[in-house]
Amino acid sequence: MAQLKFGVLVFPGSNGDQDCLYLLNEVLGVPTEAVWHGESRLAGYDCLILPGGFSYGDYLRAGAIARFAPVMGALRVFAAAGGPVLGICNGFQILAEAGLLPGALLRNGELAFSCRPIQVRVEPDATATPFTQDVPSGAVWRLPIAHGEGRYFAGPETLAEIEAQRQVVLRYCDAGGAITDAANPNGSSHGIAGLCNPAGNVLGLMPHPERAGEALLGMTDGLHLFHALIAACRGAADLRPVAAGR
């Protein structure tokens, strides 16, 4: 079985990087290291994660400056080659600003920071992504959110394309899995909480699965996403030719 290595990108202002590093290294046993935003090369990683926080102080708008960091050029190459990329909260905002995911993340509908547990539903066709493979269709996860600019927005044509290409991975829902306005914590279009690119290897989501990985924290549903991701990466690594130098 191939040994995996994950990387967590760190920008000035990141605050979810240590949560990701702890969960992957200490809880899940996957060697994971921090990758500084000034790096221009990314080699030997099986997955890259953009964590939550306030990259570059969220000046201008969330993720607007981080998209120009040197590491983002290398991340684009990694993603274009099919490497799995996970953007959590601010990471989602960065991926949208960088054009790796469609749409934009705007101020919450109530114009206030929201920090609380919510529920999301795994969409029927999302089980084909490496982040949700083998997860039952319609599964409801309880995860925490902590954001002020988490309202997903896209124009009618983009939303229609996203839906047609089945790129919505997670939607905000109530405890029973129903998609309702009351269950939408920020006013996101179509209740979108998590979205992937057409290839399925780049996922952005506003909830924090890395903060729902131990019973001590009161929530463990985040483990479903990371277990699926690790299994997908391990399967891909086991198929990689030895000549690749792994």
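Keep in mind the model is a prediction, meaning the values are calculated, not measured. We use all heavy atoms of the structure for the numbers below, so side chains are in, but hydrogens, waters and symmetry mates are not.
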- Query: Tell me, do Pro70 and Glu39 make a side-chain contact under 4.5 Å, heavy atoms counted?
  - Reply: no
- Flag side-chain contact, heavy atom, 4.5 Å: Ile192 against Leu159: yes
- Query: Would a distance-only check, ignoring hydrogens and angles, find a side-chain to backbone donor-acceptor pair under 3.5 Å from Asn197 to Val202?
  - Reply: yes
- Task: State whether the number of non-hydrogen atoms from other residues, nucleotides or ligands found under 6.0 Å of Leu216 atom CG is greater than 12.
- Result: no
- Separation of Met72 CE from Leu9 CG (nearest 0.5 Å): 7.5 Å
- Distance from Leu86 atom CG to Glu210 atom CD, nearest 0.5 Å? 8.5 Å
- Output for pair (Asn186 CG, Ser114 OG), nearest 0.5 Å, gives 7.5 Å
- Item | Distance, nearest 0.5 Å, that separates CZ of Phe11 from CG of Leu50 | 5.0 Å
- Item | Minimum heavy-atom distance between Cys233 and Phe6, given as atom pair plus value | SG-CZ, 3.9 Å
- Query: Within the side chain of Gln167, is there an N or O that forms a donor-acceptor pair under 3.5 Å with the backbone of Cys196?
  - Reply: yes
- Sub-4.5 Å side-chain heavy-atom contact between Tyr22 and Glu214: yes
- Message: Could you report the tightest heavy-atom contact between Arg211 and Gly16, atom names first, then the distance?
- Response: NH2-CA, 4.0 Å
- Gap separating the CG atom of Leu229 from the CG atom of Leu203, nearest 0.5 angstrom: 9.0 Å
- Note on the structure: Looking only at heavy atoms, the pair that brings Thr129 and Gly200 closest together is CB-O, 3.8 Å
- Taking all non-hydrogen atoms of both residues, which atom of Gly63 and which atom of Ile94 are closest, and how far apart? CA-CG1, 3.7 Å
- Query: Is there a donor-acceptor pair closer than 3.5 Å between any side-chain N or O of Ser14 and the backbone N or O of Pro12?
  - Reply: no
- Task: Under the salt bridge (charged side-chain N to carboxylate O under 4.0 Å, His left out) rule, what do Glu163 and Arg171 come out as? Steps first, then yes or no, please.
- Result: CA-CA 12 Å; Glu163 297 288 0; Arg171 295 188 206 268; 2.8 Å; yes
- Query: Is the shortest heavy-atom distance from the side chain of Val35 to the side chain of Val71 under 4.5 Å?
  - Reply: yes
- Item | CZ on Arg67 to CG on Leu75, rounded to 0.5 Å | 13.0 Å
- Query: Taking all atoms of both residues into account, what is the closest heavy-atom pair of Ala34 and Leu21, and its distance?
  - Reply: N-CD2, 3.8 Å
- Taking the side chain as every heavy atom from C-beta outward, state whether Ile145 and His147 have any pair of such atoms under 4.5 Å apart. yes
- Item | side chain to side chain donor-acceptor pair (under 3.5 Å) partners of residues 102-112, not counting sequence neighbours, each pair once | none
- Query: Of the non-hydrogen atoms in Ile162 and Pro102, which two are nearest, and what is the gap between them?
  - Reply: CD1-CG, 3.8 Å
- Do any pairs count as a side chain to side chain donor-acceptor pair (under 3.5 Å) and have a residue in residues 92-106, sequence neighbours left out, and if so which ones? Arg61-Glu97, Asn90-Gln93
- Message: Could you walk me through whether Cys20 and Ile88 satisfy the side-chain contact (heavy atoms from CB on, under 4.5 Å) test, starting with their C-alpha distance in whole Å, then the side-chain angles of each, then the deciding distance to 0.1 Å, before giving a yes or no?
- Response: CA-CA 10 Å; Cys20 292; Ile88 301 170; 4.0 Å; yes
- Message: What I want to find out is whether Arg121 reaches Glu123 closely enough, with some N-O distance under 4.0 Å, to be called a salt bridge.
- Response: yes
- Task: Starting from the C-alpha separation in whole Å, work towards a yes-or-no answer on side-chain contact (heavy atoms from CB on, under 4.5 Å) for Tyr45 and Leu4.
- Result: CA-CA 8 Å; Tyr45 293 105; Leu4 299 181; over 6 Å; no
- Message: Would a single hydrophobic cluster contain both Met219 and Leu23, if residues Ile, Leu, Val, Met, Phe, Trp and Tyr are joined by side-chain heavy-atom contacts under 4.5 Å?
- Response: no
- Message: If hydrophobic clusters are built from ILVMFWY residues whose side chains come within less than 4.5 Å, do Val27 and Leu143 share one?
- Response: yes
- Hydrophobic cluster membership, Phe131 vs Ile230, 4.5 Å side-chain cutoff: yes
- Item | Cluster link Phe92 to Leu106, ILVMFWY, side chain under 4.5 Å | no
- Message: What I'd like to find out is whether the side chain of Thr132 reaches to under 4.5 Å of the side chain of Trp141, using heavy atoms alone.
- Response: yes
- Message: Can you tell me how the ring of Tyr56 sits relative to the ring of His37, calling it parallel under 30°, perpendicular over 60° and tilted otherwise?
- Response: perpendicular
- Query: Is the closest side-chain heavy-atom distance between Tyr172 and Pro207 below 4.5 Å?
  - Reply: yes
- Criterion side-chain contact (heavy atoms from CB on, under 4.5 Å) on Tyr152 and Leu105, from CA distance to verdict: CA-CA 5 Å; Tyr152 182 78; Leu105 283 305; 4.1 Å; yes
- Joint cluster assignment, Phe153 & Val120, ILVMFWY side-chain distance < 4.5 Å: no
- Message: With no hydrogens and no angle check, just 3.5 Å: does a side-chain donor-acceptor pair link His208 and Asp19?
- Response: no
- Take Leu195 and Val169 through the side-chain contact (heavy atoms from CB on, under 4.5 Å) test and state the conclusion after the steps. CA-CA 5 Å; Leu195 181 75; Val169 176; over 6 Å; no
- Message: Between Thr180 (side chain only) and Ala183 (backbone N and O only), is there a donor and an acceptor less than 3.5 Å apart?
- Response: yes
- Give a yes or no on whether the backbone of Arg142 and the side-chain of Asp221 come within a donor-acceptor separation of less than 3.5 Å. yes
- Other hydrophobic cluster members with Phe54, side-chain heavy atoms of Ile/Leu/Val/Met/Phe/Trp/Tyr under 4.5 Å, chained? Phe113
- Tell me, do Leu223 and Leu28 make a side-chain contact under 4.5 Å, heavy atoms counted? yes
